[in-house]
Amino acid sequence: VENVRLLDRLSSRKAALGTLYLTATHVIFVENVSETRKETWVLHSQISSIEKQATTATGCPLLIRCKNFQVIQLVIPQERDCHDVYISLIRLARPVKYEELYCFSFNPKLDKEEREKGWKLVDLNEEYNRMGIPNNYWQISDVNRDYGVCDSYPTELYVPKSATAHIIVGSSKFRSRRRFPALSYYCKDNNASICRSSQPLSGFSARCLEDEQMLQAIRKANPGSDFIYVVDTRPKLNAMANRAAGKGYENEDNYSNIKFQFIGIENIHVMRNSLQKMLEVCELKSPSMSDFLWGLENSGWLKHIKAIMDAGIFIAKAVAEEGVSVLVHCSDGWDRTAQVCSVASLLLDPYYRTMKGFMVLIEKDWVSFGHKFNHRYGNLDGDPKEISPVIDQFIECVWQLMEQFPCAFEFNERFLIHIQHHIYSCQFGNFLCNSQKERRELKIQERTYSLWAHLWKNRADYLNPLYRSDRGQTQGTLRPQMAPCNFLYKFWSGMYNRFEKGLHPRQSVTDYLMAVKEETQQLEEELELLGERLANLQKSQLNDNKVKSKQQDRSKQLGLSTSNNSLANTPQEYSNDLKSFPSRSPSQGDEEDSALILTQDNLKSSDPDLSANSDQESGVEDLSCRSPSGGGCLPSEDSGKDSDEAVFLAV
Amino acid sequence: MLRSSQPLTGPNRKRCREDEVLLGTVLDEGERGFIIDTRSAQAAKQARMTGGGTEPKSSYPHWRRLHRPLERGRPLQESFIKLVEACNDPSLNMDRWLSRLESCRWLSHVKAALSTACLAAQCMDREEASVLVHGAEGTDTTLLVTALAQVILDPSCRTLVGFQGLLEREWIEAGHPFHLRCARSAYSHARLKQEAPLFLLFLDCVWQLSRQFPFSLEFGECLLLTLFDNAYASDYGTFLCNNEKERRVGCLCKVKESTHSLWACLNQPGEKKKYLNPLYSHNALVIWPSVEPQSIQLWQGLFFRWIRSSQHLDEAWAEIQRLVDDN
């Protein structure tokens with residue numbers, strides 16, 4: 001479609017005129033300006049919702065909202081064309097078959113061996129070995145080898161030595177979705193462990209010998225403690241309501257030597273609504289400080305982030321300080337359980353704060369343990385009520401920790417943002433389907449590529465220059481301040497206002513420091529080289545050879561432009577806080593926007609309040625606002641181009 | 001950029017030839033200027049009743065007046081006190097933290113101050129017009145705007161020495177009544193009438209700039225915290241009294257002869273390094289901050305200074321310093 005205008009969201013005066021293309025995988029807007037022909041690519045998978053707005057004199061506006069929080073505003077001259085685009089995008093953004101997703105056509109031009117190697121980069125067996133397993137207390141179990149016991153669990157699981165197959169199977173029958181207690185993290189220093197499961201089908205009074213034995217087995221696997229914690233991450237009310245449905249939680253009377261604890265984290269519907277409200281705040285035009293703070297509080301988003309973090313801290317403390325094992329569950333054990341276990345692991349073990357370790361953590365607690373990526377992030381068109389920003393919240397917890405501990409992580413903010421992006425983009429196969437079983441049936445590893453390999457290849461972009469593995473901050477357990485520390489939680493504008501360049505510091509401290517580090521290293525190597533040369537020269541003083549010593553041009557600092565000489569920023573419209581026209585800095589125009597994708601969900605439906613009673617993890621009333629479909633944003637498009645918040649300076 | 005106090009127009013719309021000529025000489029042939037009045041139009045009008053007022057358009061035809069109300073005086077002090085209370089309140093949970101923060105209005109004041117300073121800067125840099133800034137007395141919000149605008153516009157004000165010069169010019173010599181304004185701070189129950197944290201507001205705005213432009217200021221947070229401390233209580237005479245007259249004549253002891261200068265202390269080679277920003281690189285351009293709510297953050301280094309440990313952040317800065325030094 002020609003003569004389409006792409007509006008700048010912040011400055012209504014800046015509109016680019018160009019042509020809109022729709023392909024099988026992307027929406028592409030190409031500017032008419034002949035010198036640049038700037039392209040904006042949007043992967044269909046990234047499209048969360050499309051809104052056709054009222055036709056005005058200038059044309060038909062189409063608003064596209066993406067799962068990576070980019071918002072695109074197009075104006076199409078003819079109403080009929082606009083309608084066609086709208087209908088097409090609705091269909092394209094709601095794939096029904098996996099084969100429609102970009103990962104099956106994405107071709108990074110690697111051969112079969114390289115593809116395989118990419119998939120082998122993260123090996124969970126190696127990971128458990130690294131933890132020190134198998135050992136006297138823990139062993140690997142293949143009881144689920146054909147997914148016969150639990151189809152959302154992986155084929156290989158780690159269980160206490162004293163848990164026989166009989167106990168495991170018995171316990172699985174007493175657990176929602178058959179997700180019996182299995183090992184998530186083992187601390188070899190004190191034998192304490194973090195295990196995870198789903199809720200027991202205890203109702204008001206049901207018991208299961210094998211399930212009780214399972215918990216005992218977990219306790220016995222830690223000789224240093226005579227009890228275990230059982231942490232239910234649901235609000236007490238929800239858990240109690242589940243009892244009426246024949247599920248519920250562990251009764252301390254029935255299970256010997258457990259200490260039961262509720263740590264209330266709200267369910268997926270509450271979280272979906274919370275994000276929705278927060279995004280609405282982000283879309284306000286020229287909000288006042290009041291509007292923003294009220295809106296943010298009203299969404300409850302940071303409160304939820306803190307709740308997840310607090311749960312992780314509780315568990316980490318139990319393991320590290322008390323040496324007590326913990327069994328964590330929620331309802332089905334694949335959402336809040338995953339969040340909380342992975343936060344706790346991150347706090348406990350510095351390995352997970354390395355780049356490789358983080359990939360391993362996600363593979364372990366999210367991918368292998370059957371987090372329902374397809375349902376939660378809408379790879380395929382599905383039930384809107386299943387959609388929820390569960391992993392987004394976890395990723396944000398990591399960012400909040402990075403802000404508090406700037407030296408403790410090997411990776412930087414960009415790493416997190418790109419991972420989030422690709423969870424929705426479906427450009428790689430890692431986050432498809434709902435379980436390992438489904439992925440194997442689809443032969444994902446033979447037909448798609450691994451994100452981890454891609455990120456690893458580009459790891460130089462993702463490093464944190466302040467990370468040093470020998471620092472105090474990076475070793476051992478991270479101890480975030482707990483209460484009262486509300487003020488330590490900040491709004492992550494790098495993620496939720498990612499594409500609004502005017503909001504962020506224009507100069508990336510991370511990139512600058514990385515360049516400085518690199519340069520220092522190069523100079524040191526050079527120095528060494530010259531030192532050797534000098535020594536040789538001195539040895540062969542009798543010769544008349546002239547040794548050329550290279551003088552590097554040091555004045556060009558690796559192209560670092562810390563001084564904004566070529567990139568003058570432009571002022572916002574400061575004229576009036578109360579004026580209706582947008583007051584954000586116009587986009588600086590030098591950074592490409594990543595590909596956007598539109599999905600056809602209706603963002604505006606209102607959700608009934610589901611937080612009150614039954615805690616059903618799947619399929620309850622309200623309509624989701626975001627169906628993440630994969631978007632083909634090639635990370636190279638925005639690596640280095642995203643404005644990096646000066647992470648460590650902010651606090 | 002000029003600054004003054006309000007014209008004494010009064011209820012009878014008095015005129016003053018000399019004042020009009022003075023402002024007339026500032027503008028070249030055909031040029032126009034902007035007057036930024038830091039009071040609301042309403043407040044400025046009401047000031048006439050007590051002998052003050054605004055410049056009438058007819059008498060100052062080439063000057064266009066813009067009103068940008070900025071908080072000052074008691075309400076600003078209250079805002080400060082409420083914020084400090086909120087920060088120190090251990091019972092406050094996440095549910096209500098943000099609304100409590102909002103009700104203090106401190107961040108709104110920061111936003112307003114930055115916006116107004118940017119407006120002044122924009123008039124000069126973009127419109128290439130002269131600007132006159134005044135409020136009522138010309139000793140509070142006026143100085144806030146003129147000083148901030150210079151940090152935005154002028155790279156030399158962003159150097160350590162240049163910034164000190166700016167403070168001397170725009171705050172100390174310009175007659176900001178430090179003795180009255182920086183008396184008891186936020187914990188005191190005294191609630192003095194003349195107390196108001198304009199200088200702190202200025203420092204907060206400068207901190208916001210340093211966050212948004214991490215490479216553009218030669219000094220770091222440490223300097224800003226030191227200045228905050230010294231404005232209230234100091235071993236040095238720099239912030240004593242309310243104006244130059246008091247410092248020379250009014251005090252029992254003559255300030256310049258009997259006290260040491262804070263600047264001399266800060267600039268000592270041994271001390272100086274503490275206050276420098278390791279990321280500094282001269283930026284010859286104007287720095288335009290974003291005043292969106294997301295871009296303005298609570299200055300944790302100041303408001304949570306004694307509440308939570310800055311150990312990890314200090315380590316981060318030490319690492320940054322090390323990386324730069326190694327290079």
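No experiment lies behind these values; they were computed from the predicted model shown. Throughout, a chain's letter reflects where its sequence line sits, starting with A, and its residues are numbered from 1.
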Specify the closest pair of heavy atoms between [X] and [Y], including all atoms of both residues, with the distance to one decimal.
| X | Y | answer |
| --- | --- | --- |
| A/M289 | B/P293 | CE-O, 3.6 Å |
| A/L466 | B/I320 | CD2-CG1, 3.5 Å |
| B/F215 | A/V509 | CZ-CA, 3.8 Å |

Euclidean distance, [Y] [atom2] relative to [X] [atom1], rounded to 0.5 Å:
| X | Y | atom1 | atom2 | result |
| --- | --- | --- | --- | --- |
| B/N327 | A/T520 | CG | OG1 | 3.5 Å |
| A/Y489 | B/M94 | OH | CE | 8.5 Å |
| B/E319 | A/K517 | CD | NZ | 6.5 Å |
| B/L313 | A/F405 | CG | CZ | 9.5 Å |
| A/C407 | B/D314 | SG | CG | 10.5 Å |
| B/K111 | A/S290 | NZ | OG | 10.0 Å |

Open item on the list: Are there over 12 heavy-atom neighbours, none belonging to B/R64, within less than 6.0 Å of that residue's CZ?
Closed with: no
Task: Within 6.0 Å of NZ in B/K57, more than 12 heavy atoms from elsewhere - done: yes
Task: Interchain contact, B/I287 with chain A, by part (heavy-atom threshold 4.5 Å) - done: backbone
TODO: Could you tell me which portion of B/F304 (side chain, backbone, both or neither) has an atom closer than 4.5 angstrom to a non-hydrogen atom of chain A?
DONE: side chain
Task: Donor-acceptor under 3.5 Å (A/E297 side chain, B/S99 main chain) - done: yes
Task: Donor-acceptor pair, side chain of B/S295 and main chain of A/L503, under 3.5 angstrom - done: yes
Contact between [X] and [Y] at the side-chain level, heavy atoms closer than 4.5 Å - yes or no?
| X | Y | result |
| --- | --- | --- |
| B/H312 | A/P406 | yes |
| B/R322 | A/R468 | yes |
| B/Q300 | A/L488 | yes |
| A/Y512 | B/L279 | yes |

Open item on the list: Tell me which of these, B/A86, B/C87, B/C118, has more heavy-atom pairs under 4.5 Å with chain A than the rest.
Closed with: B/C118
